Amino acid sequence: MGKFLITLRGSLPSCLRETGYSYPMQLLSKLAVGITQAINRCGFPNKDLEGQIRQVADAKFGDYQFNGAMGLAKELGLPPREVAVRIAEHLSLPDILATVEVAGPGFLNLRLRNDWLSSQLQTMGASDCLGVGRANPPLTYVIDFSSPNVAKPMHVGHLRSTIIGDSIARVLRFLGHKVITDNHLGDWGTQFGIILHGFKNQLNQENFAKDPVGELARLYVEVRKQFKTEESEDQTTDPVQEACRNETAKLHHGDEENRRLWQQFMPLCLKEIQKVYDRLDIHFDHTHGESHYQPFLHGVVESLEKQGLAVETDGAMGVFLKEGQPPALVRKRDGAFTYMTTDLATIQSRVQENDPAHILYVVDSRQAFHFQQLFEIARTWLKPKAQLHHVSFGSVLGPDRRPIKTRSGDAVASLDQLLDEATRLAREVNQSNSQPDGSSGEAPEEDAAGDAEVIGIGAVKYADLSQNRTSDYVFNWEKMVAMDGNTATYMQYAYARNRSIFRKGGIDMEKFRIDLRSISLETAEERQLGMQLFRFLEAVQHAGVDYRPNVLTSYLWDLAKAYSIFFQNCPVLKAESEALKMSRLGLCDLTARVLKTTLDLLGIRVLEKM
RNA sequence: GCCCCUGUAGCUCAGUGGAUAGAGCAACGGUUUUCUAAACCGUUGGUCGCAGGUUCGAUCCCUGCCAGGGGUGCCA
């Protein structure tokens, strides 16, 4: 491969090589080889080349474009268009390219041959994984996501880590990597001390019997309210906070009563959380909470101390990293360990047990400083071969544009409420569209409740996933439960309409898929849809390289648009000839499979009828 | 104080060192004897916070400023 930057819409090209992404259908590397050869034939230098091969900005220019000629021209002191023309003249990829055109100040616009594209679509269609195949070599990823505090009910703020993490796991698995997901529950920190303190002093027995988790959550909020505010100058003298710290420390030191209570609370909390995961269709390989690492914490601090990393400071043990920066505390004055200690133990354990190439933390961007410290300590301490990444995401803001905080006990929509509302709306829309008024769609009567859940939860997930994870966003009920425009519902609907064609046509899917025919891309609509289908691989790669599910939602939107235009303009069952009908059915079926698979990578299900 | 992030259409947000900066929603107008109208088509809407700099080319990179937010030794 040449020294090109292969750009998948701005993704990090070197990652493609580093992560060993090499798939038979990879077009960009083929183009890179061809263009490198052309540049060599011209006698132009190809080192330090800032050129780029990418999808065209506008379909009217072609399919792909090469932007390197302008930079090269500057280096050579030649007119940019002349350089572009010479590269174009020497560019020879006769099987793949139909046209190579120089345009504007020196762009090289490339158009793929229809027969080549068609053959690629056949390859995709014949492949179970739609031409994506296996990464070579597969890498091991540990992905840490969701990680709620078990003592509190999940709310909209927990949604992002949970569904973004799940989607990243699905994408990396689909790309052929080994993925280990781990829900690092907050089940051992100060929040338990708070609950223990509340339980011992302010318990409402009746509530606890009726709704134990609800009562624990209430206690948490109640006790938090009694803390001195952050403005007060000396929080170390706060008696309530001190008492909570004391309960935490007792738990950590093996106090019998606190251990017993912890063991009583945990199954209740876990059951509550599991309900949400079941609804969201999210599963973990491990649920190793903070408590899981408790036996190793002493050893961690000891080891850090031995290496001279941790030193005593005001009675606590801390690691000083940078001048002027506060130390990272690994053991508090009262002997309790911190989440820094737990996170270090967790890294150690993951490195030893899984030997991963990457460990991803899908966590709120506000914890950036923590991860910076954590990674720095871990690298010095363990010298792991694993790369550590904080896959951060922005905050969910309230209507006042300020982050929703639960520490202060803000009232926020619970996740259950959100999912209920979305499901309720889905049922409403579904019913209104199922009236026997002649113009309605096929009424799916069998499992209306289940269908509404698929649509409603899909809508909620899509609303979150379609946003770039790094930016904050304002929480909005209507947006979260919207079912028109660029939403999961739109994709599910496109899928359902697509399947309807096959039902109406009485097509035997198994026979049809075995008996694949060549796909005609004669009309502009067919061509555009085919092109979009072909780009599936690039979209998944890009999403995987950047850990960004919203790349997939953008792709889906483009694909669904292309399909809608095709659907509108190209009759399938009533196509002019049997051959054209079969070709278009082939396009439809491939579209359905790509839609379904991409939605699956987002953790969203489809319905055969809507 | 120090560190980090953000600023793009009325609202919510995409996007990119390259061609005329895009969607959804909202508003307005149109499409249903034709494979599902949860759809489609069209119109309106922008000094990409401000000012410099680097570059053949900057909304994107750099610096400063303004505005908002976050973090910051005993919460996680």
Side-chain angles (χ1 to χ4, degrees), chain A residues 7 9-10 50 52 54 56-58 61 65 67 70-71 73-74 80 103-107 109 147 149 186 188-191 193-194 224 227 235-236 241 244-245 248 290 313-318 320 322 324-329 331-334 336 338-340 342-343 363-370 372 392 394-395 397 401-403 407 426 429-430 432-433 439-442 455 466-468 470-474 476 478-479 482-487 489-490 492-494 496-498 500-505 550 553-554 557 561 564-565 567-568 571-574 584 588 609-610:
Chain A
T7 303
R9 288 220 186 148
E50 287 295 314
Q52 296 167 352
R54 57 171 56 206
V56 288
D58 189 324
F61 297 130
Q65 64 182 80
N67 293 342
M70 280 95 75
K74 172 70 178 170
F107 298 105
N109 291 331
S147 311
N149 279 337
W188 198 246
T190 303
Q191 81 277 11
I194 292 174
R224 275 292 319 191
F227 279 22
Q235 290 182 53
T236 57
Q241 216 165 330
C244 292
R245 263 203 292 270
T248 311
E290 294 170 334
T313 168
D314 292 334
M317 292 296 292
F320 286 83
K322 282 198 184 98
Q325 254 185 20
L329 295 185
R331 194 175 66 213
K332 296 189 269 187
R333 191 169 43 224
D334 60 13
T338 67
Y339 73 138
M340 183 63 75
T342 312
D343 281 355
V363 180
D364 194 322
S365 62
R366 282 174 293 189
Q367 293 192 40
F369 181 58
H370 167 69
Q372 192 187 311
S392 69
S395 307
L397 310 180
R401 285 201 79 99
R402 298 179 66 88
R407 238 202 271 174
V429 177
N430 207 351
S432 72
N433 284 335
S439 67
S440 67
E442 301 176 54
I455 295 165
S466 60
Q467 181 129 359
N468 186 328
T470 56
S471 46
D472 293 347
Y473 74 91
V474 177
N476 177 296
E478 284 172 29
K479 186 182 170 184
M483 284 162 206
D484 55 1
N486 184 5
T487 62
T489 312
Y490 179 91
Q492 289 166 329
Y493 185 61
R497 285 200 297 180
N498 179 310
S500 168
I501 294 174
F502 286 83
R503 281 194 300 274
K504 285 258 160 69
N550 77 309
T553 61
S554 295
W557 178 241
K561 287 287 251 196
S564 277
I565 293 167
F567 182 84
Q568 199 83 8
V572 178
L573 295 175
K574 291 174 186 164
R584 287 184 176 166
C588 284
K609 296 180 184 176
M610 278 174 83

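Please read all numbers here as calculations on a predicted model, not as lab measurements. A, B, ... follow the sequence lines: proteins, then strands. Residue 1 opens every chain.
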Considering residues at least two apart in sequence or located in another chain, which fulfil the side-chain contact (heavy atoms from CB on, under 4.5 Å) criterion with Asp314(A)? none

From the candidates U36(B), U72(B), C74(B), the one with an atom nearest any side-chain atom of Arg245(A) is C74(B)

Could you work out, with side-chain contact (heavy atoms from CB on, under 4.5 Å) as the rule, every residue matching Ala316(A), not counting sequence neighbours? Leu329(A)

Phosphate oxygens OP1/OP2 of C3(B): is one of them under 4.0 Å from a side-chain N or O of Lys322(A)? no

Thr313(A): what forms a side chain to side chain donor-acceptor pair (under 3.5 Å) with it, not counting sequence neighbours? none

Can you check the distance between G22(B) and U59(B), where both ends of the measurement are the C1' atom (answer in whole Å)? 13 Å

Apply the syn/anti split at 90° from 0 to G22(B) and say which one it is. anti

At under 4.0 Å between heavy atoms, what does Ile194(A) touch on the DNA or RNA strands: base, sugar-phosphate, or nothing? nothing

Give the dot-bracket string for RNA chain B, reading 5' to 3', where a pair is Watson-Crick or G-U wobble with both distances under 3.5 Å, ( ) marks pairs inside the strand, [ ] marks pairs crossing earlier ones, | marks a partner on another strand, and . marks unpaired. (((((((..((((....[...)))).(((((.......))))).....(((((..]....))))))))))))....

At under 4.0 Å between heavy atoms, what does Thr190(A) touch on the DNA or RNA strands: base, sugar-phosphate, or nothing? sugar-phosphate

Between the protein and nucleotides 21-28 of chain B, which nitrogen or oxygen pairs come in under 3.5 angstrom?
{"residue": "A23(B)", "atom": "O2'", "partner": "Trp557(A)", "partner atom": "NE1", "Å": "3.3"}

Expressed in whole Å, how much space separates the C1' atoms belonging to A26(B) and C2(B)? 43 Å

Remember a base hit wins even if backbone is also touched, and classify Ala494(A) as base, sugar-phosphate or nothing at under 4.0 Å, heavy atoms. nothing

Atom pairs, N/O to N/O, protein against nucleotides 11-13 of chain B, distance under 3.5 Å?
{"residue": "U12(B)", "atom": "OP1", "partner": "Arg401(A)", "partner atom": "NH1", "Å": "3.0"}
{"residue": "U12(B)", "atom": "O2'", "partner": "Lys479(A)", "partner atom": "NZ", "Å": "2.7"}
{"residue": "C13(B)", "atom": "OP1", "partner": "Val474(A)", "partner atom": "N", "Å": "2.3"}
{"residue": "C13(B)", "atom": "O3'", "partner": "Gln467(A)", "partner atom": "NE2", "Å": "2.9"}

Please list, chain by chain and in numerical order, all residues satisfying side-chain contact (heavy atoms from CB on, under 4.5 Å) with Ser147(A), sequence neighbours excluded. Asp144(A), Asn183(A), His184(A)

Interatomic distance at C1', U33(B) relative to A27(B), whole Å: 32 Å

Look at all strands and tell whether Gln65(A) reaches a base, only sugar-phosphate, or nothing, counting heavy atoms closer than 4.0 Å. base

Say you pick atom C1' in A39(B) and the same atom in C11(B); how far apart are they, in whole Å? 24 Å

Whole-Å gap separating P (G1(B)) and CD (Gln325(A)): 18 Å

Length of the CZ-P vector between Phe320(A) and G73(B), whole Å: 12 Å

Could you work out the separation of U32(B) and A23(B) based on their C1' atoms and round it to a whole Å? 26 Å

Could you work out, with ring-ring contact (aromatic ring centres under 6.0 Å, His included) as the rule, every residue matching Tyr473(A), not counting sequence neighbours? none

Give the rounded distance in Å between these two atoms: OH of Tyr339(A) and P of G71(B). 11 Å

With rounding to whole Å, what would you report as the distance between G68(B) and U8(B) at their P atoms? 14 Å

Heavy atoms under 4.0 Å, any strand shown: does Asn550(A) hit a base, just sugar-phosphate, or nothing? sugar-phosphate

Of the listed A14(B), U36(B), C74(B), the closest approach to the Ala316(A) side chain comes from C74(B)

For Arg584(A), enumerate each residue passing the salt bridge (charged side-chain N to carboxylate O under 4.0 Å, His left out) test, keeping only those at least two apart in sequence or located in another chain. Glu526(A)

Which listed nucleotide (G73(B), A14(B), A37(B)) is nearest to the side chain of Tyr493(A)? A37(B)

Students often get this wrong, so: under 4.0 angstrom with heavy atoms, is Asn109(A) touching a base, only sugar-phosphate, or nothing? base

Check the distance between C74(B)'s C1' and Leu329(A)'s CG and give it to me in whole angstrom. 5 Å

Partners meeting ring-ring contact (aromatic ring centres under 6.0 Å, His included) with Tyr490(A) (sequence neighbours left out): Trp557(A)

Phosphate OP1/OP2 of C40(B) contacted by Tyr490(A) side-chain N/O (<4.0 Å): yes

Against the side chain of Asn430(A), the closest entry in G73(B), A38(B), A76(B) is A38(B)

What are the atom names and distances for every N/O pair under 3.5 Å that joins the protein to nucleotides 33-35 of chain B?
{"residue": "C35(B)", "atom": "O3'", "partner": "Lys504(A)", "partner atom": "NZ", "Å": "3.4"}
{"residue": "C35(B)", "atom": "O2", "partner": "Leu573(A)", "partner atom": "N", "Å": "3.2"}
{"residue": "C35(B)", "atom": "N3", "partner": "Val572(A)", "partner atom": "N", "Å": "3.0"}
{"residue": "C35(B)", "atom": "N4", "partner": "Phe567(A)", "partner atom": "O", "Å": "2.6"}
{"residue": "C35(B)", "atom": "N4", "partner": "Cys570(A)", "partner atom": "O", "Å": "2.8"}

Atom P, compared across C28(B) and U54(B): separation rounded to whole Å: 49 Å

Who pairs with Ser365(A) by side-chain contact (heavy atoms from CB on, under 4.5 Å), at least two apart in sequence or on another chain? Ser392(A)

